[in-house]
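Everything below concerns the one structure shown next.
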Amino acid sequence: MSARLPRLGDVTGKSTNLFYRIVFLRNFAAHADHVFDELPQRDLSSLNSQLSSYLRSGNPNGTLGLFHKMHRASPDLSSHTFTPVLGACALLSYPETGRQVHALMIKQGAETGTISKTALINMYSKYGYLADSVTVFESVEDKDVVSWNALLSGFLRNGKGKEALGVFAAMYRERVEISEFTLCSVVKTCASLKILQQGKQVHAMVVVTGRDLVVLGTAMIGFYSSVGLMSEAMKVYMILNVHTDEVMLNSLISGCIRNRNYKEAFLLMSRQRPSARVLTSSLAGCSDNSDLWIGKQIHCVALRNGFVSDSKLCNGLLDMYGKCGQIVQARTLFSAMPCKSVVSWTSMIDAYAVNGDGVKALEIFREMCEEGSGVLPNSVTFLVVLSACAHAGLVEEGKECFGMMKEKYRLVPGTEHYVCFIDILSKAGDTEEIWRLVERMMEKSDQNIPCAIWVAVLSACSLNMDVTRGEYVARRLMEETGPVNSSTYVLVSNFYAAIGKWDMVEEMRGKLKEKGFVKAAGHSSVIV
DNA sequence: ATAGGGTTAG
């Protein structure tokens with residue numbers, strides 16, 4: 001690039017070159033590519049910078065395409081080649097490609113140095129392969145703040161909030177000098193765990209260090225929104241008054257919607273032309289709150305701004321109508337979508353499922369599985385389908401789907417899938433099969449089964465009056481979670497009630513009182 | 001060349 005740039009100045013004044021300049025400014029990536037083609041020598045370092053240029057301009061396929069050519073042409077590639085390629089792999093979620101690139105790095109001796117390894121940590125965590133991420137991290141000889149941050153945000157990305165905080169604690173112990181990136185991830189972790197005290201402490205650290213207040217302020221707004229403290233979120237926004245930007249405003253708006261501060265949300269929206277992005281996140285808030293009326297208003301705003309072809313926004317609308325019981329509206333939107341992604345299909349299946357139409361849900365699912373649909377069901381899809389089957393008592397179909405998930409689609413069922421499947425078997429009265437499943441799981445996991453599984457098994461025992469197994473599970477659950485989880489007492493108490501052991505019911509109620517647990521008041525989620 | 005803030009399905 002730098003070798004070519006001066007020539008632009010040489011020829012200013014002519015109309016052709018004015019055009020050239022405009023193209024240059026407007027489409028930097030395309031121009032960079034063009035200039036690159038004119039280079040007499042394609043030396044490795046310029047090829048490497050081309051790889052990252054593609055990545056930066058949002059073209060990971062370009063990075064991989066060039067990398068393949070380079071790989072064919074020359075066996076000598078440097079670590080500067082691999083880092084952008086790893087970034088492209090992570091973006092495209094091709095775990096196999098990523099592993100192959102890693103293997104090639106080892107073969108060429110390029111899997112050394114903190115920067116290369118940090119790129120690997122990042123890639124594996126984006127695939128969800130946390131174990132590999134940790135292995136690479138442990139092999140880093142000179143761990144710097146960036147590699148620590150990559151590990152921290154990896155845990156955060158994969159929903160392991162507690163582990164992420166553990167990494168932060170380790171950084172403190174190891175006296176790593178933390179950066180604003182660290183603080184940012186920690187704030188987000190506090191938000192995901194909804195831990196108010198720790199979040200406030202980090203807020204104090206942010207104020208003390210005083211760095212990058214726009215980005216960290218946005219994260220703080222997200223944190224206060226997630227713990228329901230909109231007044232604090234607003235305060236952060238007000239304090240940074242002059243330095244706010246669109247991202248920050250969007251964070252505040254979606255926080256307002258999530259917390260039902262609609263007046264403020266729409267007032268803030270009127271400050272600037274709302275983006276499709278903020279409307280999409282606002283719709284998610286409406287879905288969570290079942291607020292059809294607000295959802296419709298946002299739909300109107302989207303129509304007025306011409307966002308109806310935004311696929312993510314359409315998915316948000318589809319989900320909102322489905323969650324608010326407007327199945328006809330949801331179906332109409334779904335049918336009109338030209339590009340249906342796995343999210344669209346899953347939302348549509350879920351819309352039927354939550355509205356009690358298991359048969360229709362399965363019909364959509366089968367259509368999705370056909371060749372022509374262009375998408376593959378993933379683990380979320382199967383969770384939705386299994387819960388549809390459990391809900392509607394579709395036992396045979398549920399068994400078939402669970403089998404398909406493992407055999408045809410090679411997906412590994414998670415705890416949530418097993419919970420649904422146990423529920424299905426329970427509806428069929430098949431506690432024998434449930435028990436065989438539990439025994440197999442115990443064998444595989446060295447007796448450690450997640451509590452959620454025991455909870456599902458106990459419910460099955462209650463429903464089917466399986467006294468012996470139920471009492472075993474009840475005891476196990478009490479040992480493992482009783483002291484810290486009030487809902488365990490309620491669950492176990494319900495089991496004893498179901499089998500008619502009233503003395504045990506009383507004992508559970510007594511224990512509940514002893515611990516000072518108070519039953520939360522019930523409330524309806526329907527907006528009148 | 002590696003890490004960070006606001007979007008969609010559980």
Side-chain angles (χ1 to χ4, degrees), chain A residues 45 48-49 51-53 55-56 78-87 90 110 113-123 125-126 140 144-154 156-157 159 178-188 191 211-223 225 245-255 275-285 287 307 310-320 322-323 341-351 353-354 377-387 414 416-417 419-420:
Chain A
S45 71
N48 289 341
S49 56
L51 288 170
S52 18
S53 166
L55 190 60
R56 269 199 310 274
S78 72
S79 56
H80 285 66
T81 309
F82 290 107
T83 40
V85 171
L86 292 173
T114 308
I115 294 176
S116 297
K117 291 201 173 184
T118 303
L120 281 167
I121 294 168
N122 190 32
M123 181 189 76
S125 88
K126 281 184 180 165
V140 180
D144 64 2
V145 63
V146 184
S147 43
W148 279 99
N149 287 347
L151 187 71
L152 173 54
S153 63
L156 174 62
R157 221 190 329 265
I178 63 162
S179 68
E180 44 261 86
F181 287 76
T182 319
L183 286 176
C184 204
S185 295
V186 178
V187 172
K188 286 201 76 184
R211 284 180 298 185
D212 210 337
L213 287 176
V214 179
V215 169
L216 285 169
T218 306
M220 287 315 312
I221 289 172
F223 164 73
S225 301
D245 66 0
E246 198 200 341
V247 180
M248 196 177 226
L249 186 62
N250 286 349
S251 177
L252 191 62
I253 292 170
S254 61
S275 62
R277 217 172 179 177
V278 72
L279 296 183
T280 309
S281 58
S282 299
L283 282 166
S287 297
F307 293 145
D310 186 289
S311 60
K312 282 179 180 150
L313 189 129
C314 284
N315 287 334
L317 281 169
L318 170 56
D319 185 56
M320 186 275 293
K323 292 246 167 59
S341 71
V342 60
V343 177
S344 325
W345 285 94
T346 306
S347 298
M348 193 64 237
I349 294 166
D350 193 43
V354 298
N378 63 20
S379 64
V380 182
T381 315
F382 276 102
L383 189 59
V384 166
V385 170
L386 289 170
S387 84
E416 326 80 57
H417 299 92
V419 166
C420 266

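Not measured: the values here are computed from a predicted model. FYI, side chains are in, hydrogens and waters are out, and symmetry mates aren't considered; it's all heavy atoms of this structure. Below, read A as the first sequence line, B as the second, and so on, with proteins coming before strands; counting in each chain starts at 1.
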TODO: Examine the side chains of A/N48 and A/S78 and answer whether a donor and an acceptor come within less than 3.5 Å of each other.
DONE: yes
- [ ] Would you mind reading off the distance between A/K312 atom NZ and B/dT7 atom C1', rounded to a whole angstrom?
- [x] 6 Å
Task: Separation of atom CG in A/L152 from atom C1' in B/dG5, rounded to whole Å - done: 15 Å
Open item on the list: With a 4.0 Å limit, can you tell me whether A/K188 has a side-chain N or O closer than that to the phosphate oxygens OP1/OP2 of B/dG5?
Closed with: yes
TODO: Check every atom of B/dA1, B/dG5, B/dG10 against the side chain of A/E416 and return the nucleotide holding the closest atom.
DONE: B/dG10
Open item on the list: Over all strands shown, is A/V278 touching base, sugar-phosphate only, or nothing at heavy-atom distances under 4.0 angstrom?
Closed with: nothing
Task: Separation of B/dT7 P from A/D319 CG (nearest whole Å) - done: 15 Å
Task: Where A/S147 and A/T118 come nearest, the two heavy atoms and their spacing - done: CB-OG1, 3.4 Å
Open item on the list: Using a 4.0 Å heavy-atom cut-off, does A/V214 contact any base of the nucleic acid, only the sugar-phosphate backbone, or nothing at all?
Closed with: base
- [ ] Calculate the interatomic distance between A/M248 atom CE and B/dT7 atom P; express it in whole Å.
- [x] 14 Å
- [ ] With the side chain of A/A219 defined as its heavy atoms from C-beta on, choose the nearest nucleotide among B/dG5, B/dG4, B/dA1.
- [x] B/dG5
Open item on the list: For B/dG4 and A/R211 - does any side-chain N or O of the residue sit under 4.0 Å from the phosphate oxygens OP1/OP2?
Closed with: no
- [ ] Would you kindly check whether a donor in the side chain of A/N149 faces an acceptor in the base of B/dG4, or vice versa, at under 3.5 angstrom?
- [x] no
- [ ] State which residue, out of A/I253, A/N250, A/L313, fulfils the side-chain contact (heavy atoms from CB on, under 4.5 Å) condition with A/S275.
- [x] A/N250
TODO: Output the single nucleotide from B/dA1, B/dG5, B/dG10 whose closest atom is nearest the side chain of A/D350.
DONE: B/dG10
Task: Rounded distance in Å - NZ (A/K126) to C1' (B/dG4) - done: 11 Å
Open item on the list: On the nucleotide B/dA3, are OP1 or OP2 found under 4.0 Å from the side-chain N or O atoms that A/N122 carries?
Closed with: yes
- [ ] Scan A/T182 against the nucleic acid and name what it touches under 4.0 Å (heavy atoms): base, sugar-phosphate only, or nothing.
- [x] nothing
Task: Minimum-distance nucleotide (side-chain atoms of A/V215 versus B/dA9, B/dG5, B/dT7) - done: B/dG5
Task: Of the listed nucleotides B/dA1, B/dG10, B/dA3, the one nearest the side chain of A/S52 - done: B/dA1
Open item on the list: Does B/dG10 have its OP1 or OP2 closer than 4.0 Å to a side-chain nitrogen or oxygen of A/K323?
Closed with: yes
TODO: Scan A/S79 against the nucleic acid and name what it touches under 4.0 Å (heavy atoms): base, sugar-phosphate only, or nothing.
DONE: base
TODO: Can you figure out which of B/dG10, B/dG4, B/dT8 approaches the side chain of A/T280 most closely?
DONE: B/dT8
Open item on the list: Please report the distance, rounded to the nearest Å, between CG in A/L383 and C1' in B/dA9.
Closed with: 10 Å
Task: Minimal non-hydrogen separation, A/V354 against A/G322, with atom names - done: CG2-O, 4.1 Å
- [ ] To the nearest 0.5 Å, tell me how far A/T381 OG1 sits from A/N378 CG.
- [x] 4.0 Å
Open item on the list: Does A/D245 reach a base, just sugar-phosphate, or nothing at all? Heavy atoms under 4.0 Å.
Closed with: base
Open item on the list: Let's go through A/D319 and A/S287 carefully: what are the C-alpha distance in whole Å and the side-chain angles of both, what is the deciding distance for side-chain hydrogen bond (donor to acceptor under 3.5 Å, both in side chains) to 0.1 Å, and is it a yes or a no?
Closed with: CA-CA 7 Å; A/D319 185 56; A/S287 297; 3.3 Å; yes
- [ ] Could you tell me whether A/N378 contacts a base, only the sugar-phosphate backbone, or nothing, with contacts defined as non-hydrogen atoms closer than 4.0 Å?
- [x] base
TODO: Starting from C1' on B/dG4, measure out to CG on A/L183 and report it in whole angstrom.
DONE: 10 Å
- [ ] Would you mind telling me which of B/dG5, B/dT8, B/dA3 lies closest to the side-chain atoms of A/S153?
- [x] B/dA3
Open item on the list: Between B/dG5 and A/D212, counting only base atoms on the nucleotide and side-chain atoms on the residue, is there a donor-acceptor pair under 3.5 Å?
Closed with: no
Open item on the list: If we ignore hydrogens and angles and just use 3.5 Å, is the side chain of A/H417 paired with the main-chain N or O of A/F382 as donor and acceptor?
Closed with: no
Task: Whole angstrom value for the distance that separates P of B/dT8 from CE of A/M320 - done: 15 Å
